[in-house]
Amino acid sequence: MRLHGRAFVDGDVRDGVTVEIDGARIAAVRVGESAPADAQRITGLLVPGFVDLHVHGGAGADFMDGTVEAVRRVCAFHARHGTVALAATTLSAPRAEITAAVSAAVAVSREPRPGEARVAGIHLEGPYLNPAEAGAQDPAALRAVDRGEVAEWLAAAGDLPVTMTVAPEVAGVLELIAELARRVTFSLGHTEADEELTQRALAAGARRFTHLWNAMPPLHHRKPGIVGAALASPDAMLELIADGHHVHPLLLAACARLAPQRVALITDAMRAAGMPDGRYTLAALDVEVRAGCARLANGSLAGSLLTMDSAVRTMVRDAGLPLAHVLPLASEVPARALGLVDKGRIAAGANADLVELDADLRAARVWIAGEERNSQSF
């Protein structure tokens with residue numbers, strides 16, 4: 001199969017690109033040629049498939065439902081919006097509920113179906129978080145480190161890469177990071193850590209920051225805190241929720257310009273993504289969805305209603321960044337974070353995971369492992 005038209009290749013939008021697909025991989029990419037006679041025309045822009053490091057749900061389902069059916073529903077929904085791979089993300093809850101969620105996600109990862117984003121990792125968001133920065137995590141489910149339950153979750157995850165969001169001030173967390181940093185990607189979030197404690201956590205092996213700016217103290221010029229430490233880090237990855245509610249567009253743009261190789265756009269989407277306004281649940285908490293925003297009864301933001309193509313639009317239209325600057329933040333950077341060396345780029349040998357964006361930057365066509373799945377196919 002050959003596709004021909006405008007495409008994002010080698011860091012820029014180029015015309016006259018032919019992408020040749022052989023099975024599940026890209027066999028060749030040629031730039032500046034006329035359309036082959038047998039090529040399918042790309043009328044929009046062909047970009048690498050998106051990778052979401054932090055997503056809880058969508059289309060009325062949540063990974064914490066703990067069923068294969070829920071996992072497949074979430075993966076199919078986000079695939080329609082250009083996500084080709086994701087990290088199934090849990091919430092703070094009793095041990096058995098988290099184990100069930102991980103087990104269901106792993107089952108789907110082993111038997112992917114056409115039209116579904118691939119489960120490429122597990123993200124344990126909690127339960128070792130600071131109740132003072134619980135956000136939309138259930139405060140009653142937060143606790144000190146329990147190595148027995150961590151071992152159970154890692155065993156359930158099998159070979160999938162695992163991320164854990166932790167607060168370094170919680171009892172046992174620094175020791176856990178030092179002990180498991182080779183097996184687990186530790187991400188700092190839902191925390192009141194200052195800059196000194198944050199740097200200790202980074203030295204112990206933490207490598208990411210969960211939804212930077214949210215559920216953590218704000219940046220101050222004399223007390224840089226965790227945000228300042230994150231921005232100053234040369235290596236740690238920074239998650240950003242680009243929905244226009246969680247972080248102001250000026251700061252979205254500033255972070256992306258400051259650390260273009262370290263910013264990963266995430267959705268942090270909850271089950272109401274793609275659903276009408278109304279009342280929903282996030283683990284044990286009630287959520288009200290109104291006018292494109294999900295909030296708890298106390299007014300706290302409760303995840304998002306984002307899709308990855310919508311996050312790209314926010315970065316381009318509201319944050320004012322060039323599309324060529326934004327696309328790697330939704331594909332190449334998060335793919336690298338999950339160790340997916342064959343995803344996130346349009347190049348010979350890479351996976352044939354592609355998205356055609358229309359003029360409004362919406363996912364019009366999606367190819368996962370070389371198979372096209374447009375909106376009508378899901």
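Just the heavy atoms: all of them, side chains too, but no hydrogens, waters or symmetry mates, feed the values below.
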Donor-acceptor pair, side chain of Tyr280 and main chain of Ala273, under 3.5 angstrom: no

NE2 on His248 to CH2 on Trp213, rounded to 0.5 Å: 12.0 Å

Qualifying residue, where the test is salt bridge (charged side-chain N to carboxylate O under 4.0 Å, His left out) with Arg147 and the options are Glu175, Glu179, Glu152: Glu179

Close side-chain approach of Arg271 and Leu282, heavy atoms under 4.5 Å: no

Thr83 side chain vs Ala79 backbone, donor-acceptor pair below 3.5 Å: no

His211 ring center within less than 6.0 Å of His246 ring center: no

Counterpart residues, side-chain hydrogen bond (donor to acceptor under 3.5 Å, both in side chains), relative to Thr210 (two or more places apart): Thr165, Ser187

Sidechain N-carboxylate O distance under 4.0 Å for Asp309, Arg80: no

Ile122-Leu91 co-clustered via ILVMFWY side chain contacts under 4.5 Å: yes

Neighbour count >12 (heavy atoms, 6.0 Å) for atom CZ, Arg279: no

Verdict with reasoning, Arg207 to Thr185, per side-chain hydrogen bond (donor to acceptor under 3.5 Å, both in side chains): CA-CA 6 Å; Arg207 288 181 283 163; Thr185 297; 3.2 Å; yes

Residues Glu125 and His190: side-chain donor-acceptor under 3.5 angstrom: yes

Neighbour count >12 (heavy atoms, 6.0 Å) for atom CD, Glu196: yes

ILVMFWY network linking Leu45 to Leu321, side-chain heavy atoms under 4.5 angstrom: yes

Note, Leu231 side chain near Leu238 side chain (heavy atom, < 4.5 Å): yes

Any donor-acceptor pair under 3.5 Å from Glu356 side chain to Thr43 backbone: yes

Side chain proximity check, Trp367 to Asp353, heavy atoms < 4.5 angstrom: no

Joint cluster assignment, Leu323 & Leu46, ILVMFWY side-chain distance < 4.5 Å: no

Asp12 side chain to Arg14 backbone, donor-acceptor under 3.5 Å: no

Charged N-O contact under 4.0 Å between Asp65 and Arg73: no

Greater than 12 external heavy atoms within 6.0 Å of Asp159's CG: no

N-O pairing of Glu20 and Arg2 below 4.0 Å: yes

Check: Ala291 main-chain N/O paired with Asp277 side-chain donor or acceptor under 3.5 Å: yes

Thr90 side chain vs Ile98 backbone, donor-acceptor pair below 3.5 Å: no

Any donor-acceptor pair under 3.5 Å from Arg262 side chain to Ser233 backbone: yes

Close side-chain approach of Leu265 to Leu306, heavy-atom, < 4.5 Å: no

pair His325-Pro260: side-chain heavy atoms closer than 4.5 Å: yes

Spatial distance of atom CG (Asp194) from atom OG1 (Thr198) [nearest 0.5 Å]: 6.5 Å

Euclidean distance, Thr163 OG1 relative to Leu338 CG, rounded to 0.5 Å: 6.5 Å

Between CD on residue Glu195 and CG on residue Leu202, distance to nearest 0.5 Å: 12.0 Å

Flag side-chain contact, heavy atom, 4.5 Å: Met308 against Thr267: yes

Glu169 side chain to Glu192 backbone, donor-acceptor under 3.5 Å: yes

Sidechain-backbone polar pair: Arg365 side chain, Ala363 backbone, donor-acceptor under 3.5 Å: no

Side-chain (Ser109) to main-chain (Val106) donor-acceptor, under 3.5 angstrom: yes

CD1 on Ile241 to NE2 on His54, rounded to 0.5 Å: 6.5 Å

Leu258 with Val247, same ILVMFWY side-chain cluster at under 4.5 Å: yes

Within the 6.0 Å centroid threshold, strictly below: His56 and His123: no

Shared hydrophobic cluster for Val31 and Leu3 (ILVMFWY, side-chain gaps under 4.5 Å): yes

Student check: side-chain heavy atoms of Asn214 and Asp268 closer than 4.5 Å: no

Student check: side-chain heavy atoms of His78 and Phe50 closer than 4.5 Å: no

